[in-house]
K.L.:
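Okay, here's the structure, questions in a sec.
The basis for the numbers below is simple: all heavy atoms, side chains too, and nothing from hydrogens, waters or symmetry mates.
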Amino acid sequence: MAPNLTPHLLHLLLTQSSPEAPPLLSRLQVEGGVDASFAYNLNRPASSVNFLPGTGTTARRHDEITVNLASLGVRLAPEPVGFRVLLGFGTGIDVLHRAEPEEDATGPDVWRYVQQASLSFAQGPLTLEAGIYPSHIGLESFQSQLNWTYTRSWMGELSPYYQTGLKGTWRFDEHWSAQLHLLNGWQTIGDNNSGKALGTQVAYADDRWSAAFNTFVGNEGSGDAEALRLFADTVVTLKATGAVSIAATADVGRQARPGTSAALWYAAGANVRVQVAEPVAMTARAEVYRDRDGLLSGIAQTLAEGTLTLEVRPAEHLVLKAEARHDRSTRSVFDGPARGEAPPLPRQHQTLLAVGAAATF
């Protein structure tokens, strides 16, 4: 029979994990928060849905007060071993896992509350992380308080927010770093084919500007539809002045399709953020997303959007945002208003007004 832990022994385990490591309790952090919003769509969609299927991780519901994301988790800084487990609840997390392949012991219902669950190891310039962790692709985070705008771009919504696998990061010096990822697939925890994917990143950062070049290479789809996906993403940010920051993004992707031509998509976006005063900032975003063959958005189209966001941070852990956004498509993909007994007519455009608040600890 295993011996019982005495209070003295338990104290030693919690405060002296090794002679060189800091006390365990001083490294352990509880984290969480709530991100809520109200959105009004001038189309007054009959479905009360503001975005395309599988997108809309913030402000997805029309004319409703919605909790996009309520988070709760714990993390241990890697010194040298650590972990992070972060759970999520709300409309955003529901959208996040909809593409999970449904197989034995996996699928949206199995993983629906998981944002992150990973182990990490850090030693000198090398950091390893394994499990479910944030994607290396793109400008925007799944946590809205970290973004310049409240709603996310089409480039963000149609590329991975998370990935599952093993990541290695090597820091060459204080500016340059590189990453290599071995992944199950494109924003999936479960795997629906026999292949694995590789992701890479080369990044530079200093006090004024940063740049990252990200790639994804791997088979996607299952059965007869399984084929090679190639994707590249570039993100550049510049602090032009003490008050003005600029971010630019560009994506291009190609997916082979057995028996027909390859699917192609590409996009570009620009953001300008002005710090009006210490707690107040404004951001303008413009973006064009061309999904030539409808592989990512579900229909062959070109999407364009313009967004203007006012941000106020009245306290360190509270972010308030008010936003106006206009979307257009070359196809009628946005829900229209109810028409009595007749089905609603879809539209090529929509205008969205939203306010959001995110409080974290």
K.L.:
Under 30°, 30 to 60°, or over 60°: which ring-plane class applies to F231 and W265, parallel, tilted or perpendicular?
P.N.:
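Taking W265 first and then F231, their aromatic rings lie parallel (interplane angle under 30°).
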K.L.:
With distance as the sole test, does D63 use its side chain to make a donor-acceptor pair with the main-chain N or O of N41 at under 3.5 Å?
P.N.:
no
K.L.:
Should the pair D335-R347 be classified as a salt bridge under the 4.0 Å nitrogen-to-oxygen rule?
P.N.:
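Salt bridge flag = no for R347 with D335.
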K.L.:
Tell me, with the steps shown, if V252 and L230 meet side-chain contact (heavy atoms from CB on, under 4.5 Å).
P.N.:
CA-CA 8 Å; V252 60; L230 304 173; over 6 Å; no
K.L.:
Give, for atom CG of L182 and atom OG1 of T164, the distance between the pair rounded to the nearest 0.5 Å.
P.N.:
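L182 CG to T164 OG1: 11.5 Å, rounded to 0.5 Å.
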K.L.:
How long is the gap from OG on S153 to CG on L303, to the nearest 0.5 Å?
P.N.:
11.0 Å
K.L.:
Scan side-chain atoms only and decide if D35 and S144 contain a donor-acceptor pair under the 3.5 Å cut-off.
P.N.:
yes
K.L.:
Hey, what do you get for CG (L264) to CZ (R254), rounding to the nearest 0.5 Å?
P.N.:
8.5 Å
K.L.:
Could you check, using the six-membered ring where one of them is a Trp, whether H97 and Y162 have ring centers closer than 6.0 angstrom?
P.N.:
yes
K.L.:
Are there over 12 heavy-atom neighbours, none belonging to W111, within less than 6.0 Å of that residue's CH2?
P.N.:
no
K.L.:
For the pair R273 and E311, find out whether any cationic side-chain nitrogen is under 4.0 Å from an anionic carboxylate oxygen.
P.N.:
yes
K.L.:
Please find the pair of heavy atoms, one from A357 and one from L320, that lie closest to each other, and give the distance.
P.N.:
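Scanning both residues, the minimum pair turns out to be CB-CD2, 3.6 Å.
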K.L.:
Any side-chain donor paired with an acceptor under 3.5 Å for E323 and T309?
P.N.:
yes
K.L.:
So, the side chain of H317 versus the backbone of A358: is there a donor-acceptor pair under 3.5 Å, distance only?
P.N.:
no
K.L.:
Compare every heavy atom of P101 with every heavy atom of N192, then report the nearest pair and how far apart it is.
P.N.:
CB-CB, 3.5 Å
K.L.:
Salt bridge between E31 and R84, side-chain N to carboxylate O under 4.0 Å?
P.N.:
yes
K.L.:
Can you confirm whether or not the ring centre of H349 sits under 6.0 Å from the ring centre of F334?
P.N.:
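No, the ring centres sit 6.0 Å or more apart.
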K.L.:
How close do V244 and V272 get, heavy atom to heavy atom, and via which atoms?
P.N.:
CG1-CG1, 4.3 Å
K.L.:
For P258 and A225, which heavy atoms make the closest approach, and how far apart are they?
P.N.:
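Heavy atoms only, the tightest pair is CD-O, 4.2 Å.
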K.L.:
Are I137 and L180 connected in the hydrophobic side-chain network, where two residues link if heavy atoms are under 4.5 Å apart?
P.N.:
no
K.L.:
Looking only at non-hydrogen atoms, find the nearest pair between L146 and S141 and report the distance.
P.N.:
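Closest pair (atom of L146, atom of S141, distance): CD1-OG, 3.6 Å.
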K.L.:
Does the side chain of M282 come within less than 4.5 Å of L308's, by heavy atoms?
P.N.:
yes
K.L.:
Is it true that, when you exclude R171 itself, more than 12 heavy atoms of the residues, nucleotides or ligands shown sit nearer than 6.0 Å to its CZ?
P.N.:
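Atom CZ in R171 is not packed in, count stays at 12 or less.
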K.L.:
For G82, is there any backbone N or O sitting under 3.5 Å from a side-chain donor or acceptor partner on E79?
P.N.:
no
K.L.:
Linking I/L/V/M/F/W/Y whenever any side-chain heavy atoms sit under 4.5 Å apart, do I132 and F142 land together?
P.N.:
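Yes, because I132 and F142 connect within a single hydrophobic cluster, where side-chain heavy atoms sit under 4.5 Å apart.
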K.L.:
Transitively linked via ILVMFWY side-chain contacts under 4.5 Å: L318 with V34?
P.N.:
no
K.L.:
Please say yes or no: joined through hydrophobic side-chain contacts below 4.5 Å, possibly via intermediate residues, are V319 and V280 part of one cluster?
P.N.:
no
K.L.:
Check the pair R60, V49 against side-chain contact (heavy atoms from CB on, under 4.5 Å), reporting the backbone distance first and the verdict last.
P.N.:
CA-CA 6 Å; R60 180 165 173 78; V49 174; 3.5 Å; yes
K.L.:
Donor-acceptor check, side chain of E226 to backbone of N219, threshold 3.5 angstrom: yes or no?
P.N.:
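Checking the backbone N and O of N219 against the side chain of E226, no donor-acceptor pair under 3.5 Å is found.
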K.L.:
Do Q350 side-chain atoms and N50 backbone N/O form a donor-acceptor pair below 3.5 Å?
P.N.:
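Checked: pair present.
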K.L.:
So for atom CG, which belongs to D206, do other residues, nucleotides or ligands contribute more than 12 heavy atoms lying within a distance under 6.0 Å?
P.N.:
yes
K.L.:
Taking T169 for its side chain and Q179 for its backbone only, find out whether a donor-acceptor pair lies under 3.5 Å.
P.N.:
no
K.L.:
Heavy atoms, side chains only, cut-off 4.5 Å: are T106 and D104 in contact?
P.N.:
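Contact flag for T106/D104 side chains = no.
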K.L.:
Does any N or O in the side chain of T55 come within less than 3.5 Å of the main-chain N or O of F51, such that one atom is a donor and the other an acceptor?
P.N.:
no
K.L.:
So Q143 and P134, do their side chains get closer than 4.5 Å, heavy atoms only?
P.N.:
no
K.L.:
Between D293 and R257, does at least one N-O distance fall below 4.0 Å, as a salt bridge requires?
P.N.:
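R257 and D293: salt-bridged.
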K.L.:
Is a side-chain N or O of N184 found less than 3.5 angstrom from the main chain of I189, in a donor-acceptor match?
P.N.:
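Checked: pair present.
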K.L.:
Report yes or no: is the cationic atom of R325 (NZ for Lys, CZ for Arg) under 6.0 Å from the centre of the six-membered ring of W154, at an angle within 45° of the ring normal?
P.N.:
yes
K.L.:
Tell me, with the steps shown, if E140 and N147 meet side chain to side chain donor-acceptor pair (under 3.5 Å).
P.N.:
CA-CA 6 Å; E140 294 164 311; N147 299 327; 5.3 Å; no
K.L.:
Would you find a donor on one side and an acceptor on the other, under 3.5 Å apart, between the side chain of E100 and the backbone of G190?
P.N.:
yes
K.L.:
So if I apply the side-chain contact (heavy atoms from CB on, under 4.5 Å) rule between T237 and each of T249, L139, I246, N271, which one comes out positive?
P.N.:
L139
K.L.:
Please assess E157 against T57 for the test side chain to side chain donor-acceptor pair (under 3.5 Å), listing each intermediate value before the final yes or no.
P.N.:
CA-CA 8 Å; E157 294 282 70; T57 50; 2.9 Å; yes
K.L.:
On the six-membered ring of W186, is R229 placed so that its NZ or CZ lies under 6.0 angstrom from the centre and within 45° of the ring axis?
P.N.:
yes
K.L.:
Pair R61, T66 - check side chain to side chain donor-acceptor pair (under 3.5 Å), show working.
P.N.:
CA-CA 7 Å; R61 301 288 297 172; T66 302; 5.8 Å; no
K.L.:
Hydrogens and angles aside, do Q163 and H181 bring a side-chain donor and acceptor to less than 3.5 Å of each other?
P.N.:
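The answer is yes; a qualifying pair exists.
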K.L.:
Which pair of non-hydrogen atoms, one from W176 and one from D173, has the smallest distance, and what is that distance?
P.N.:
N-OD1, 2.8 Å
K.L.:
Do V81 and Q123 have side chains that get closer than 4.5 Å, going by heavy atoms?
P.N.:
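No - every pair of side-chain heavy atoms lies 4.5 Å or more apart.
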K.L.:
When you look at T307 and E305, which way does the side chain to side chain donor-acceptor pair (under 3.5 Å) test go after all the steps?
P.N.:
CA-CA 7 Å; T307 300; E305 60 95 1; 2.7 Å; yes
K.L.:
State, yes or no, whether a side-chain contact exists between T302 and D291 at a heavy-atom distance under 4.5 Å.
P.N.:
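They are not in side-chain contact.
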K.L.:
How about H62 and S48: does a side-chain donor come under 3.5 Å of a side-chain acceptor?
P.N.:
no
K.L.:
Do E220 and L228 touch side chain to side chain, with heavy atoms closer than 4.5 Å?
P.N.:
no
K.L.:
Are any of the side-chain heavy atoms of F121 and L119 separated by less than 4.5 Å?
P.N.:
no
K.L.:
I'd like to know if the side chain of Q116 and the backbone of Y133 have a donor-acceptor N/O pair within less than 3.5 Å.
P.N.:
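Not a single qualifying donor-acceptor pair exists.
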K.L.:
Test side-chain contact (heavy atoms from CB on, under 4.5 Å) on Y150 and S37 and set out the steps.
P.N.:
CA-CA 9 Å; Y150 189 66; S37 67; 3.1 Å; yes
K.L.:
Is there a side-chain contact between R98 and P108 in this structure, where contact means two heavy atoms from C-beta onward sitting under 4.5 Å apart?
P.N.:
no
K.L.:
Mark yes when over 12 heavy atoms from residues, nucleotides or ligands other than R290 sit less than 6.0 Å from its CZ; otherwise mark no.
P.N.:
yes
K.L.:
Checking side-chain polar atoms at under 3.5 Å, does Q301 have a donor or acceptor matched by the opposite partner on S297?
P.N.:
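Distance-only check passes for Q301 and S297.
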K.L.:
Give a yes or no on whether L296 and F216 share a hydrophobic cluster (residues Ile, Leu, Val, Met, Phe, Trp, Tyr; joining criterion: side-chain heavy atoms under 4.5 Å apart).
P.N.:
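L296 clusters together with F216.
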K.L.:
Report the C-alpha separation of D233 and F213 in whole Å, then their side-chain angles, then the decisive distance to 0.1 Å, and conclude whether the side-chain contact (heavy atoms from CB on, under 4.5 Å) test is met.
P.N.:
CA-CA 6 Å; D233 162 69; F213 178 69; over 6 Å; no
